[in-house]
2 protein chains.
Amino acid sequence: MTVTGTETTGAGADSCAGPPQGDRRPDGEDRYTISEVVALTGLTAHTLRWYERIGLMPHIDRSHTGQRRYSNRDLDWLALVGKLRLTGMPVADMVRYAELVRSGDHTYTERFELLERTREDVLSRIAELQGTLAVLDRKISFYADAGRALASERTR
Amino acid sequence: MTVTGTETTGAGADSCAGPPQGDRRPDGEDRYTISEVVALTGLTAHTLRWYERIGLMPHIDRSHTGQRRYSNRDLDWLALVGKLRLTGMPVADMVRYAELVRSGDHTYTERFELLERTREDVLSRIAELQGTLAVLDRKISFYADAGRALASERTR
DNA sequence: TAGAACGCTGGAGTGCACTCCAGGCAAGCG
DNA sequence: CGCTTGCCTGGAGTGCACTCCAGCGTTCTA
């Protein structure tokens, strides 16, 4: 089974969250400290450690003194998590997804379904927002008209 | 200053949140109990009372025994609040807007600006969601391909 | 080799947006 | 007349997603 370049099988099958952003180092030298990841992702160190505690991250590699060393793959995962967070997906659901990824290839179907559901959610959120936008535009043009009317009243 | 039919001046200038939804009664007989409003809006009675406490609602009319009686105008306002809530606008900002509405016509400019900012927020949320959608679609098609590959592997 | 800077942990605290509770009126019904 | 139903209040509680703290070890720089 050969599908794409980086996305083959196993735990690595879930790292394609978009173009590589920020100042990444090439694979092999990718052992970022927590503060580097903070700079790269915008998350706080607290949040990164918390994500790990709740099982939203795979187990992060450690230095010989026990400090976290994040890899490019970890950054990819964080980028995906960031995207999913934007959709409003609850953290618990992301943890569920993370568990599926950890469990191996036989969870592909379930992951697929979870992502499909999320996709539907996103579509309806977009529709909602566009409905709201229509309301806002209506009110905004009302206030714009009112402002013009007030102005012409003053110059009259 | 004459702008539109219902949207003229004063406290009533902020009730245009879309088509009239649900089983409204005509103006004049619009004295809904809290449970009717619950049915009409999907909010809980707790939330409705809480909205009032924090100043997100105008003062609601009461029956002779002190029970709330909501008007069509109140429902309009709730519909707008619902829309704004969908945008992710914090409740505190909605309270601010409600205060502006209560303060009278001289706050038109400020209301306009607030709505404009909200509009921009909504636009960027939509853009964010569309970015996320792209990522989801990429991953979904990956899993779809993987599923097909696994299937053909089994039948091979 | 001192001191600042960075990182670690478990657990407690925060802010938001509700959500619920206890105790008590008031109206309608058999 | 009692009972159920609906609504009232102030205040306490909940769930989520962080966010911070105390107390300690390690690493880097002067």
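Just so we're clear, the structure is a prediction, and the values are computed from it rather than from any experiment. Here is how names work: the chains are called A, B, and so on, in the same order as the sequence lines, proteins then strands, and each is numbered from 1.
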Would you tabulate the nitrogen or oxygen pairs shorter than 3.5 Å linking the protein to nucleotides 25-27 of chain C?
none

So which one's nearest nucleotide on DNA chain C is more toward 5', Gly88(B) or Ser35(A)? Ser35(A)
Please identify each residue that fulfils side-chain contact (heavy atoms from CB on, under 4.5 Å) with Val38(B), with sequence neighbours left out.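 Val38(B) satisfies side-chain contact (heavy atoms from CB on, under 4.5 Å) with Ala45(B), Leu48(B) only.
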Which whole-number value in Å describes the distance from [X] [atom1] to [N] [atom2]?
X        : N       : atom1 : atom2 : answer
Ile54(B) : dG11(D) : CD1   : C1'   : 16 Å
Leu84(A) : dA17(D) : CG    : P     : 13 Å
Glu36(A) : dT27(D) : CD    : P     : 15 Å
Ile34(B) : dT5(D)  : CD1   : P     : 19 Å
His46(A) : dT9(C)  : NE2   : C1'   : 12 Å
His59(B) : dC8(D)  : NE2   : P     : 15 Å
Arg49(A) : dA22(D) : CZ    : C1'   : 13 Å
Asp93(B) : dC16(C) : CG    : P     : 11 Å

Base, sugar-phosphate alone, or nothing: which one does Arg68(B) contact when heavy atoms must sit under 4.0 Å apart? sugar-phosphate
NA contact type, Arg85(B), heavy-atom cut-off 4.0 Å: base, sugar-phosphate, or nothing?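 The residue Arg85(B) makes sugar-phosphate contact but no base contact.
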What's the closest nucleotide to the side chain of [X] if the choices are [options]?
X        : options                   : result
Val91(A) : dC7(D), dC8(C), dA17(D)   : dA17(D)
Arg53(B) : dG10(C), dG11(D), dC21(C) : dG11(D)
Tyr51(A) : dC18(D), dC20(C), dC7(D)  : dC18(D)
Pro90(B) : dA17(C), dC7(D), dC21(D)  : dA17(C)
Thr47(B) : dC18(C), dC20(D), dC20(C) : dC18(C)

Strictly by modelled atom types, are Thr118(B) and Asp121(B) linked by a side-chain donor-acceptor pair under 3.5 Å? no
First of Trp50(A) and Ser63(A) reached from the 5' end of DNA chain D, by closest nucleotide: Trp50(A)
Answer whether the closest heavy-atom distance between the side chains of Arg68(A) and Asp61(A) falls below 4.5 Å.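 They are not in contact (no side-chain heavy atoms under 4.5 Å apart), so the answer is no.
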If you compare every side-chain N and O of Arg62(A) against the phosphate oxygens of dT9(C) (OP1, OP2), does one of them come in below 4.0 Å? yes
Within the pair Thr33(A) and dG7(C), is there a side-chain N or O less than 4.0 Å away from OP1 or OP2? yes
State, to 0.1 Å, how close [X] and [Y] come at their nearest heavy-atom pair, and which atoms those are.
X        : Y         : value
Ala98(B) : Leu56(B)  : CB-O, 4.0 Å
Thr87(B) : Val122(B) : CG2-CG2, 3.5 Å
Arg62(B) : Glu52(B)  : NH2-OE2, 3.5 Å

Is it possible for you to check whether Arg25(B) lies under 6.0 Å from the centre of the six-membered ring of Tyr32(B), through NZ or CZ, and within 45° of that ring's axis?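 The answer is yes; both the distance and angle limits are met.
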Classify the angle between the aromatic ring planes of Tyr108(B) and Tyr143(A) as parallel (below 30°), tilted (30 to 60°) or perpendicular (above 60°). perpendicular
